[in-house]
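The structure appears below as structure tokens.
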Amino acid sequence: MTLAGLELDLDVFSGPFDLLLTLVLREEVDLLELSLAEVVLAYLDHLERRPNSSRAAHEDEAGRRARDEREELDLEAATEFIVLVAALLELKSRLLLGGEEDELLDIEPQEAAEELLARMLDAKRFRAAAAHLRELLAAEHGVRFRTAPPPASLRRAILHTADPGADANQLGEAIGRLLAMPPTINVLHIAVNRVSIAERLAHLRALLRRGSFSFDEAVRGADRMTVAVTLFALLELYKQGEVEWKQEESFGEIAIHGPSRETPRAPLALSGASAGAVG
Amino acid sequence: MSDAWKALDEDAGERGEGSREVADTTVLGAPPDASAGAPALARVVEALLFLSSDPLSTAELADATQAGEGAVRTALAVLAEEYAPGRRGIRLRELGGGWTLASDPASEDAARRLFSRPRSSALSPAQAETLAIVAYLQPVSRPEIARIRGVSADSATATLLDRGLIEEAGHSQFGAVIYRTTAQFLKLFGLRSLDELPDVARWDPTPEEQAQLRERLLRAGEARAGDGA
Amino acid sequence: MSDAWKALDEDAGERGEGSREVADTTVLGAPPDASAGAPALARVVEALLFLSSDPLSTAELADATQAGEGAVRTALAVLAEEYAPGRRGIRLRELGGGWTLASDPASEDAARRLFSRPRSSALSPAQAETLAIVAYLQPVSRPEIARIRGVSADSATATLLDRGLIEEAGHSQFGAVIYRTTAQFLKLFGLRSLDELPDVARWDPTPEEQAQLRERLLRAGEARAGDGA
């Protein structure tokens, strides 16, 4: 099962996968118009279809067995496909994002191959280095270190004579770093509506300050993405112990309020939450 | 030295612990004639005493080594001889119903010089940030530290606790551990009190802000977290 | 005791570094009957190694004991012999830029029974790969790690941070957190320093293999219809 056998029938291209790849690398097919998800789906169909469709009725038992063996997933071809699609995805994401790496877009097949090669070598190197590290760690199996603190008497003695050698200014510097707001990133060129968790956290905290509220209120008029991110933010607040909630029945209203020590934490029916909120 | 150990080993055998001794060596897989060093069981007991920060009873040692208590007592006798006062920098002591290794008091001056000096490794950025948050906002909870830093502070917190710069100061109303700095912290940073912490204004990137330090740190931390997500 | 140290120090100073072996036997080495125990400086060094949870460099030991580095090295040699593998339940190791005492692996079974948890779990493949990238390329940013691995390294990075094997080393010019390995990493992996990691080029494919790979990639890019099917 070679990749050459993969026939595609897409909006912008009809023909074998190999040809598509060539055309993309030569910029004869616009990568931006190509749905890579469709390519992947076609490949999966291709994998599923092959054994049944190709099995001839008159084949004898031995012939069929030999054929079955041949038709087991060819790992090498599958790996190659994944590597190539990954490369296409990266090229496409660069096209979509634009920016400083523009010059890399005009790459020739030769350059594309070189870049892929460099990447595969890097991956191979560090996989091998990782195996080495695991061996080192295994060789140290059973070696333990003492972690006990110094005895109390010695600790008191140490405190008594400790040298004031540390600079308190580094603490002020650290606070200064933490006070700096991150630069606002220009996201105008991205069409997708962006909702940040920070924003939804702030929104929920603002609602919380006014008292209790329902999840529906929190996401009134919001799109699905905002609803999802809001739910995620709510879970985060719950994890931090800043909110508690109650849902009387599946798909029912989720009542949200600040923490009270009396109320035990109740698990949230997630399906109910999203369905109730989105619907 | 090894002769002394061997003599004890033989002695133990003669005293009637022989059968256990054999069982020990079988279990632990050491050759019966450990001529180069301590007998196998004594070595394992020594390692356990070395690793444990609390005294270990004979019963605990017997459990862990799967040897008899008699054999463990023999091993402890071997170690007691080895660690007799004046022989080593470490002593074997019986304390609170158990056995423990402790440094020889003769090394106290050197230990004080070693530990009272700021450790050679400076604070990592993560440690400095965590310590700064605790110092300026104390008491402060672990989730707050994580919110301000935008990443988990567990490893940095553990190191600061380990170095005695911060300590636990109870729990928040939500059950999170809260932290404060220690007297050791003041001493090492040359501060008489927390009031002497340097004024943050010098490093403040947006000095015109009037809001409280805590609130501003949380806001910036959340902005960073939202940015990364 | 300070007199004894002083004497040792002077002695070591006179002999210089070249004659360390001679110094071992004639000055500090255990007398033939071995009944007297380790010499004073070796005992203090032993106590400091016992007390410290981090490896101690020769310089730190010399500072704390107020002895010369030569004398400290001699004392370490005495201890190294005492703690030679197979002799004791404790070993002297040179790790992470200094000297430290560690348990002998032969005691691992008993230690696991006593402390009822394994010393440390092995690394997952993703963690090992991330650690390898940090170890070889440090300081390295999170996006760089993700680029090399081809997948996000967030969870592996968090685990490695939490286990104290890597730490933050500031921020890149674009604001990404950059990482480096810790002394703990060296210690747990049995390395004296990062220099002991083998050259990463050692795992490169041969030029022939690389040529073959390049060939295959090019073919995949240029293959025409009609080749297969």
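So you know, we letter chains A, B, ... as the sequences are listed, proteins then strands, and number each from 1.
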Subject >> Segment of Leu133(A) engaging chain C (4.5 angstrom heavy-atom cut-off) >> reply: both
Subject >> Distance in Å, Lys187(C) NZ paired with Glu140(A) CD, rounded so as to fall on 0.5 Å steps >> reply: 11.5 Å
**OP:** Go through Ala135(C), Ser107(C), Pro198(C) and name the one with the most non-hydrogen pairs under 4.5 angstrom from chain A.
**Re:** Pro198(C)
Subject >> Distance in Å, Asp199(C) CG paired with Arg125(A) CZ, rounded so as to fall on 0.5 Å steps >> reply: 9.5 Å
Original post:
Do the side chain of Ser103(C) and the main chain of Val143(A) share a donor and acceptor less than 3.5 angstrom apart?
Top reply: no
Original post:
Side chain, backbone, both or neither: which part of Arg91(C) has a heavy atom under 4.5 Å from chain A?
Top reply: neither
Subject >> Spacing of Ile90(C) atom CD1 and Arg146(A) atom CZ [to the nearest 0.5 Å] >> reply: 9.0 Å
Original post:
Checking Asp109(C) against chain A: side chain, backbone, both or neither under 4.5 Å from a heavy atom?
Top reply: neither
Original post:
Does the side chain of Leu191(C) come within less than 4.5 Å of Leu136(A)'s, by heavy atoms?
Top reply: yes
Original post:
Counting only heavy atoms not in Glu94(C), do more than 12 sit closer than 6.0 Å to its CD atom?
Top reply: yes
Original post:
Do Leu137(A) and Phe185(C) touch side chain to side chain, with heavy atoms closer than 4.5 Å?
Top reply: no
**OP:** Please report the shortest heavy-atom distance between Ala132(C) and Phe126(A), naming the atom on each side.
**Re:** CB-O, 3.9 Å
Original post:
Using non-hydrogen atoms only, which part of Leu49(C) is less than 4.5 Å away from chain A: side chain, backbone, both, or neither?
Top reply: neither
Original post:
Heavy atoms, side chains only, cut-off 4.5 Å: are Arg127(A) and Trp203(C) in contact?
Top reply: no
**OP:** Work out which heavy atom in Leu101(C) is nearest to a heavy atom in Phe145(A); give both atom names and the distance.
**Re:** O-CD2, 3.7 Å
Original post:
Contact part of Gln127(C) toward chain A, heavy-atom cut-off under 4.5 Å: side chain, backbone, both or neither?
Top reply: neither
Subject >> Within-4.5 Å side-chain heavy-atom neighbours: Arg134(A) and Pro125(C) >> reply: yes
**OP:** Would you give the length of the straight line joining atom CZ of Arg202(C) to atom NE2 of His132(A), rounded to the nearest 0.5 angstrom?
**Re:** 5.5 Å
